[in-house]
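Positions are given from 1 along the sequence. All values derive from a computational prediction rather than experimental measurement.
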Amino acid sequence: MSEQKKSNRPPMSEEERQKRIERLRRERRRKRRRQAMMMRAAVLGVLILILIGSIVLVSFQVKKSKQKKAEEKARQEQLIREEEEKNQQKKDTIAKAELMAKGYDYDGAVELLKSLEDYDQDAEIIAKIASYEAEKSTLVPVDMNEVTHIFYHSLVVDPERGFAGNDSAAAGFKQWMTTVDEFNKITQAMYDNGYVLVDLHDLVRQTEDEDGTVHFTVNQIMLPEGKKPFVLSLDDLSYYHSYDGRGTASKMVLDENGKPVCEYYEADGSKKIGAYDCVPLLDQFLEAHPDGAYHGARGTIALTGYNGILGYRTDIAYKTRENLTADQQAWLDANPDFNWDQECAEAKKVAEAMIADGWRFASHTWGHIRVGDASLENIKTDTEKWMAYVAPLIGGTDTIIFAHGQDLADWHDYSADNEKFSYLKSQGFNFFCNVDSSQYFLQIRDSYLRQGRRNLDGYRLWNDVHGSKNRTSDLFDASQILDPARTDMPGL
C-alpha cells in the first residue's frame with residue numbers, strides 16, 4: 001500500500017528541488033552562524049572571565065601591596081615610638097638619678113642607671129656612673145653626736161595681725177611663732193652655712209626581730225667635707241581655732257598638681273592658696289636646692305588631735321557635738337554644712353600627699369599634754385584618743401614629740417621600769433623628742449632614739465639679738481634674721 005502511495009506521488013519538479021536545496025543550505029548557514037555566535041559568545045565569556053580575573057588579581061595585588069606598605073609604615077612608626085620611648089625613659093632616668101646624686105644618694109643613682117637596658121653599652125650612662133662613684137668617694141663621715149634638731153610652729157604671714165594687742169594671745173604669738181620672712185632667711189642662711197636636712201630616721205640603722213622587737217644602732221651619714229646634718233620638726237600643724245584672725249594659714253590643701261600648699265585669708269577676708277607656711281616654703285626651697293636635703297629628706301610634723309589635724313576638724317567631738325569648747329561650737333555654727341566623714345577624707349588625702357613629698361608625721365599627744373606631769377592613766381587615755389582619731393588619717397607613726405618641752409625622764413637613759421616609757425613603747429613609739437636648747441642632745445640605744453630639739457621662734461631670736469646669751473650662732477646670725485616687725489618681747 002505504501003509503495004503504491006509512493007509510486008503514485010508526483011515527481012518533484014526541478015524548481016521545487018532547487019528551492020528545497022536552497023532551504024537546506026539556508027538552514028545549514030543559520031546553524032553555522034548560531035554555532036559561530038555561540039563560539040564567539042563562549043570566547044567572549046572566557047575573555048570576560050579572564051579580564052575579571054585579571055582585574056581581581058591586580059586589585060588583590062594592589063591591595064596586598066598597599067597593606068604591606070601600611071604594615072611596613074606601622075612597623076616603622078612603632079620602631080620610632082619605641083625608640084622615642086626608650087630615649088625618653090633614658091632621659092627621665094638620668095634626670096631622676098641626677099636629682100638623687102644632688103641629694104648625696106650616689107648608690108641609689110647608680111642602681112637606677114643600671115636598671116636601664118644595655119646601660120653598660122651606653123657611653124653616656126657609663127660616664128654618669130663613673131662620675132657618681134667618683135663623687136661618692138669624696139664624701140666624709142659626719143660626727144653623729146653633733147646632729148642638731150630645730151623646730152618651728154606655724155608661721156606668721158602677717159605680723160600686724162599676729163602680734164597685735166597686749167593680751168596673752170599676742171604674747172604667745174610673739175614668743176612661739178616665727179614669721180615667714182624669718183623662716184625664709186633662716187632656711188637660706190643655714191643652707192649657705194653648709195647645713196643639710198636629714199630625716200630623723202636617717203640617724204639610725206633599724207632591725208626587727210621576728211616578734212617585731214625593734215633594735216637600733218648608730219647610722220653613718222656621709223656628706224661632702226664641710227656639710228653638717230640637721231633634723232627638722234614642726235609642732236602643732238593643726239591650725240587651731242585660736243589662730244583664727246592672727247595672720248597665719250588656715251589649713252593645708254593641695255594645688256592643681258596635687259602638691260601640698262596652704263589656704264590663707266587676707267585681712268579683708270579674701271582667700272588665697274599658696275606657700276604660706278613651713279611645708280610648701282621648704283618644698284619650694286629644696287626643689288631649687290636639692291643638695292640641701294640628704295636623700296630627699298623633709299621634716300617631721302607633730303600633730304595633736306583635739307582641734308583636728310592640718311586645719312581639718314577631724315576630732316570625733318565635731319561629729320558627736322559632745323563636750324565642745326566655745327571655739328568648736330562657734331566654728332560648727334558658722335559651718336552648718338560640715339560633714340565629718342568628708343572632712344576626714346580630705347585630711348587623709350592631704351596627709352598622703354605630704355608623705356609622698358617626704359614629710360613624716362609624729363604624735364604631739366592628742367591634747368598637747370605635759371607628759372612629765374601627767375599620770376600614766378592620763379597618758380593612756382590621751383594616747384588612745386590620738387590612736388583613734390589621728391593615726392588612721394596619717395597611716396600611723398613610730399615617733400612622739402613631747403609638748404611643752406617636757407619629757408619622760410631627765411637626761412639619763414630611759415629604763416624599762418619607767419612605766420610611761422614602757423607604755424609608749426608598747427604603742428609602737430620608738431623615736432622620742434623633747435626640747436633642749438643646747439646644740440646637741442642625742443641618745444641612740446638598742447630600743448629607742450631620743451633627741452633634743454632647739455626652738456627657732458620669736459623668743460629665741462629676740463634673746464639671741466637682745467639677750468646676754470646667743471644659742472643659735474652656730475646656725476646663723478640672728479641679727480640678720482629677726483623680723484623688724486618684732487618691736488618687743490613680752491616677759492623680757
Side-chain angles (χ1 to χ4, degrees), residues 150-190 232 234-253 255 260-285 299 301 304 307-308 310-313 325-328 330-331 334-335 368 454-467 472 475-492:
I150 65 172
F151 79 96
Y152 301 91
H153 292 92
S154 294
L155 301 180
V156 175
V157 182
D158 182 0
E160 286 190 8
R161 286 187 285 161
F163 302 155
N166 296 310
D167 57 4
S168 60
F173 264 70
K174 291 176 181 179
Q175 291 176 345
W176 306 322
M177 304 307 200
T178 312
T179 68
V180 166
D181 186 57
E182 290 168 339
F183 176 84
N184 287 336
K185 287 181 178 178
I186 290 173
T187 302
Q188 184 66 57
M190 289 185 64
L232 168 71
L234 309 176
D235 283 8
D236 304 307
L237 197 66
S238 298
Y239 301 111
Y240 301 122
H241 293 302
S242 59
Y243 290 8
D244 291 347
R246 284 286 179 180
T248 66
S250 57
K251 67 166 57 173
M252 296 296 303
V253 295
D255 66 11
V261 290
C262 300
E263 175 188 88
Y264 172 71
Y265 286 91
E266 296 280 9
D268 62 5
S270 59
K271 183 173 76 172
K272 291 186 176 180
I273 302 297
Y276 294 103
D277 209 345
C278 299
V279 171
L281 286 171
L282 188 64
D283 280 347
Q284 286 182 0
F285 184 87
I301 299 167
T304 58
N307 269 183
L310 307 176
Y312 296 86
R313 305 311 168 198
T325 66
D327 284 343
Q328 290 173 323
W331 187 88
N335 294 272
H368 205 265
R454 305 165 68 178
N455 51 309
L456 300 187
D457 51 25
Y459 182 87
R460 175 58 47 222
L461 294 173
W462 183 271
N463 270 277
D464 287 354
V465 174
H466 300 289
T472 57
L475 304 176
F476 48 76
D477 180 355
S479 67
Q480 302 301 307
I481 304 297
L482 191 69
D483 196 312
R486 294 187 184 278
T487 56
D488 67 330
M489 181 55 59
L492 294 177

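- Between the CZ atom in F173 and the CG atom in D457 there is a gap of 13.0 Å [rounded to 0.5 Å].
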Checklist entry - So R313 and N307, side-chain contact (heavy atoms from CB on, under 4.5 Å) or not? Walk me through it. => result CA-CA 6 Å; R313 305 311 168 198; N307 269 183; 3.8 Å; yes
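- Closest non-hydrogen pair, I481 versus A189, comes out as CD1-CB, 4.4 Å.
- Side-chain contact between L310 and L237: present, with at least one pair of heavy atoms (C-beta onward) separated by less than 4.5 Å.
- The OG1 atom of T187 lies 7.5 Å from the CG atom of L281; values are rounded to the nearest 0.5 Å.
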Next on the checklist: Could you walk me through whether L482 and H466 satisfy the side-chain contact (heavy atoms from CB on, under 4.5 Å) test, starting with their C-alpha distance in whole Å, then the side-chain angles of each, then the deciding distance to 0.1 Å, before giving a yes or no?
Outcome noted: CA-CA 10 Å; L482 191 69; H466 300 289; 3.8 Å; yes
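- Checking side-chain atoms of T178 against main-chain N and O of L155 turns up no donor-acceptor pair under 3.5 Å.
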Checklist entry - Given the rule in the side-chain contact (heavy atoms from CB on, under 4.5 Å) test, do W462 and Q175 qualify, once you have shown the distances and angles that lead to the verdict? => result CA-CA 9 Å; W462 183 271; Q175 291 176 345; over 6 Å; no
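- Checked against the 6.0 Å centroid threshold, F151 and H153 count as a close aromatic pair.
- In this structure, Y264 and Y276 have parallel ring planes: the angle between them is below the 30° cut-off, well short of the 60° mark.
- Applying the salt bridge (Lys or Arg N to Asp or Glu O under 4.0 Å) test to D158 and every residue at least two apart in sequence or in another chain returns R161.
- Scanning for salt bridge (Lys or Arg N to Asp or Glu O under 4.0 Å) contacts around D464 gives R460, with sequence neighbours left out.
- Side-chain contact between P280 and M252: present, with at least one pair of heavy atoms (C-beta onward) separated by less than 4.5 Å.
- Listed by first and then second residue, the salt bridge (charged side-chain N to carboxylate O under 4.0 Å, His left out) pairs that reach into residues 165-178 are D167-R246, K174-D488, sequence neighbours excluded.
- In terms of heavy atoms, Y239 sits closest to S154 at CE2-OG, 3.8 Å.
- In this structure, T325 contributes its side chain and Q328 its backbone to a donor-acceptor pair below 3.5 Å.
- Here the closest heavy-atom approach between residue T472 and residue R454 is recorded as CA-NH2, 3.8 Å.
- Shown here are the salt bridge (Lys or Arg N to Asp or Glu O under 4.0 Å) partners of D283, two or more places apart in sequence or in another chain: R298.
- With D255 contributing its side chain and I273 its backbone, the two residues share no donor-acceptor pair below 3.5 Å.
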Checklist entry - Going through the distances and angles, do Y152 and L232 end up as a side-chain contact (heavy atoms from CB on, under 4.5 Å)? => result CA-CA 8 Å; Y152 301 91; L232 168 71; 3.7 Å; yes
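- The CD1 atom of I186 sits 12.0 Å away from the CD atom of Q188 when rounded to the nearest 0.5 Å.
- Other residues, nucleotides and ligands place no more than 12 heavy atoms under 6.0 Å from the OH atom of Y459.
- Closest heavy-atom contact between N166 and A170: N-CB, 4.4 Å.
- A distance of 11.5 Å separates SG in C262 from NZ in K251, rounded to the nearest 0.5 Å.
- With D268 contributing its side chain and S270 its backbone, the two residues share a donor-acceptor pair below 3.5 Å.
- Sparse packing is recorded around CH2 of W176, with 12 or fewer heavy atoms of other residues, nucleotides or ligands lying under 6.0 Å away.
- Inter-residue side-chain proximity for I301 and V279 is flagged as met; some heavy-atom pair is nearer than 4.5 Å.
- Side-chain contact, D236 with S238: no donor N or O sits under 3.5 Å from an acceptor N or O.
- In terms of the side chain to side chain donor-acceptor pair (under 3.5 Å) criterion, residue partners of S250 (sequence neighbours excluded) are, by chain and number, E263.
- By the salt bridge (Lys or Arg N to Asp or Glu O under 4.0 Å) test, K185 pairs with D181, sequence neighbours left out.
- Rounding to the nearest 0.5 angstrom, the gap separating the OG1 atom in T179 from the CG atom in D483 is 3.5 Å.
- One finds the CD1 atom of I150 at 9.0 Å from the CG atom of L234 (value rounded to the nearest 0.5 Å).
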